[in-house]
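Atoms within each ligand, like the ligands themselves, are counted from 1 in listed order.
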Amino acid sequence: MLIQKPSEILSSAITPKEQYVNRRRFLRGAVGVGVAALGAERLARIVAPGREVFAGTKLQTVKSPLTTTDEDLTPYEYVTGYNNFYEFGVSKDDPARNAGALPTRPWTVRVEGLVKQPKTFDIDTLLKLRPLEDRVYRHRCVEAWSMVVPWVGYSLSEFIKQCEPLSTAKYVQFLSYYDPRIEHWGREETSIYWPYSEGLRMDEAMNPLTLLTFGLYGEVLPNQNGAPVRIVVPWKYGFKSAKSIVKIRFVKGEPHTTWNDENSTEYGFYSNVNPNVDHPRWSQKTERRIGLPFYAQRKTTLMFNGYGDQVAYLYNGMDLRKNF
Ligand SMILES: Nc1nc2c(c(=O)[nH]1)N[C@H]1C(S)=C(S)[C@@H](COP(=O)(O)O)O[C@H]1N2
Ligand SMILES: [Mo]
């Protein structure tokens with residue numbers, strides 16, 4: 001994202017759509033060949049219910065009152081083909097190409113820090129902890145593009161209750177999976193200190209909009225979107241929503257966060273979507289809605305990404321002209 005100069009962002013914005021769509025078709029074709037090449041035993045494991053769940057597997061979901069209802073969904077091929085997941089490369093189509101190597105089973109999430117007792121949760125336990133809800137949210141990247149994504153998950157607060165944090169826990173930190181053998185792109189192409197780390201204040205994490213996310217479009221998350229479990233914080237810039245989480249730490253002070261480490265003058269800890277605070281290198285007043293015809297892409301960016309009614313109370317007394 002953030003190593004791109006504005007001129008490069010513009011040039012990617014004008015990539016001809018045909019070229020892009022054809023590329024996606026090609027990739028889907030490649031996936032088809034891959035599935036055909038799988039052995040019968042492997043195929044049996046994929047379809048055996050309750051055993052292994054892979055990207056594209058249907059999830060049983062319920063409707064949610066916390067869904068955004070008034071906007072068209074960004075088409076699946078853009079949600080899963082235009083990604084930021086720097087472990088797998090810095091170009092938007094790198095994650096879709098490279099994240100297949102991410103081993104999403106077995107998978108555990110370790111909970112530690114200021115909790116009654118450290119615990120390890122298996123991904124299949126997490127999937128069954130609460131009913132999975134369809135939650136359509138606007139998704140606004142700090143790079144000034146946006147999407148509308150039908151995520152699947154339940155409020156992070158439901159999980160945090162199971163973690164039994166102590167009253168001294170004021171922040172929560174999320175750490176992404178990192179294996180430099182399969183996620184070497186990020187190490188080669190950036191100066192990021194891995195693993196990817198993000199965090200929220202405890203009351204932000206407990207807000208019902210903060211989603212522990214397992215799927216999109218009613219299906220298990222594709223690897224490039226942060227399988228098998230990620231966070232989605234819809235009123236904050238996308239980089240606050242860590243992917244492929246393996247560790248959750250409850251802590252006393254503000255945890256270090258990846259983009260703040262990289263450039264603390266450009267990326268703050270809070271990073272609420274805010275059209276009145278420009279990025280030092282570009283305006284945040286508008287955004288480019290991915291997947292729409294070129295002439296219809298430009299949208300006005302909304303304070304708190306349009307979720308102010310639900311979250312503005314969290315920032316009472318804070319100076320919203322600063323985003324740190
Ligand atoms: N581990 C990890 N999480 C990450 C990122 C990343 O590079 N690595 N990129 C962030 C950014 S900048 C955005 S905009 C969103 C993108 O999510 P999406 O690809 O599902 O749209 O993921 C966020 N989470
Ligand atoms: Mo982003």
Side-chain angles (χ1 to χ4, degrees), residues 1-4 9 12 55 73-99 102 104 109 135-153 173-180 182-183 185-187 189-200 211 213-217 219-248 257-263 266-268 271-273 279 282 284 287-291 301 305:
M1 60 186 174
L2 313 154
I3 59 168
Q4 283 184 325
I9 292 174
S12 72
L73 302 183
T74 300
Y76 181 88
E77 62 183 354
Y78 290 93
V79 174
T80 61
Y82 186 96
N83 301 100
N84 277 332
F85 199 169
Y86 272 23
E87 288 88 329
F88 293 102
V90 301
S91 298
K92 294 291 181 271
D93 54 356
D94 282 340
R97 197 175 24 240
N98 299 330
L102 183 73
T104 60
V109 177
R135 294 244 195 126
V136 177
Y137 285 161
R138 286 178 291 275
H139 174 37
R140 169 62 156 83
C141 177
V142 74
E143 296 164 328
W145 55 262
S146 66
M147 300 187 185
V148 179
V149 184
W151 302 109
V152 175
Q173 179 183 22
F174 308 99
L175 291 159
S176 296
Y177 181 88
Y178 187 60
D179 180 347
I182 61 160
E183 296 171 305
W185 293 271
R187 199 178 47 184
E189 295 169 338
T190 74
S191 55
I192 289 174
Y193 172 78
W194 305 99
Y196 196 92
S197 165
E198 257 308 333
L200 295 169
L211 194 68
T213 307
F214 303 91
L216 55 80
Y217 269 99
E219 299 175 352
V220 167
L221 279 175
N223 289 5
Q224 61 266 36
N225 294 93
V229 59
R230 69 175 293 174
I231 301 295
V232 172
V233 195
W235 72 94
K236 291 180 180 282
Y237 292 121
F239 68 85
K240 295 296 297 178
S241 299
K243 293 179 166 181
S244 304
I245 289 166
V246 291
K247 196 175 280 187
I248 299 185
T257 56
T258 292
W259 283 106
N260 188 244
D261 293 344
E262 274 295 285
N263 191 338
E266 299 193 349
Y267 310 106
S271 289
N272 296 311
V273 174
H279 185 279
W282 56 83
Q284 296 290 26
E287 60 203 54
R288 188 167 59 89
R289 182 64 52 83
I290 302 294
T301 291
N305 205 20

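- With a heavy-atom cut-off of 4.0 Å, Glu143 does not touch ligand 1 at all.
- For ligand 1, the polar-atom distance check against Trp151 finds no nitrogen or oxygen pair separated by under 3.5 Å.
- The distance criterion of under 3.5 Å between nitrogen or oxygen atoms is met by Asn83 with respect to ligand 1.
- Proximity to Glu87 (heavy-atom distance under 4.0 Å) selects the following atoms of ligand 1: 1 (N), 2 (C), 6 (C), 7 (O), 8 (N).
- Without hydrogens or angle criteria, Gln224 side chain to Ala99 main chain gives no donor-acceptor distance under 3.5 Å.
- Here the side chain of Thr190 pairs a donor or acceptor atom with the backbone of Gly186 at under 3.5 angstrom.
- Each of the following atoms of ligand 1 lies closer than 4.0 Å to a heavy atom of Cys141: 14 (S).
- Judged by distance alone, with hydrogens and angles left aside, the side-chain atoms of Tyr196 form a donor-acceptor pair with the main-chain N or O of Phe239 at under 3.5 Å.
- Checked against a 3.5 angstrom limit, the closest N/O atoms of His139 and ligand 1 fall inside it.
- In terms of polar-atom proximity, Gln224 is not counted as a contact of ligand 1, lacking any N or O under 3.5 Å from an N or O of the ligand.
- Those atoms of ligand 1 with a heavy atom of Ser241 less than 4.0 angstrom away are 4 (C), 22 (O), 23 (C), 24 (N).
- With ligand atoms numbered from 1 in the order given, ligand 1 contributes 18 (P), 20 (O) to contacts under 4.0 Å with heavy atoms of Asn225.
- With respect to the salt-bridge test (charged N to carboxylate O, under 4.0 angstrom), the residues Glu143 and Lys92 qualify.
- No side-chain donor-acceptor contact under 3.5 Å links Ser241 and Glu198.
- You'll find the ring centres of Tyr82 and Trp145 inside the 6.0 Å limit.
- Contacts with ligand 1 closer than 4.0 Å are made by heavy atoms of both the backbone and the side chain of Phe85.
- Under a 4.0 Å criterion applied to the non-hydrogen atoms of Arg230, ligand 1 contributes the atoms 15 (C), 17 (O), 18 (P), 20 (O), 22 (O).
- Two residues are said to be in side-chain contact when any heavy atoms from C-beta on lie closer than 4.5 Å; Phe85 and Asn223 fail this criterion.
- Put simply, the side chain of Ser197 never gets that close to the backbone of Thr258: no donor and acceptor are under 3.5 Å apart.
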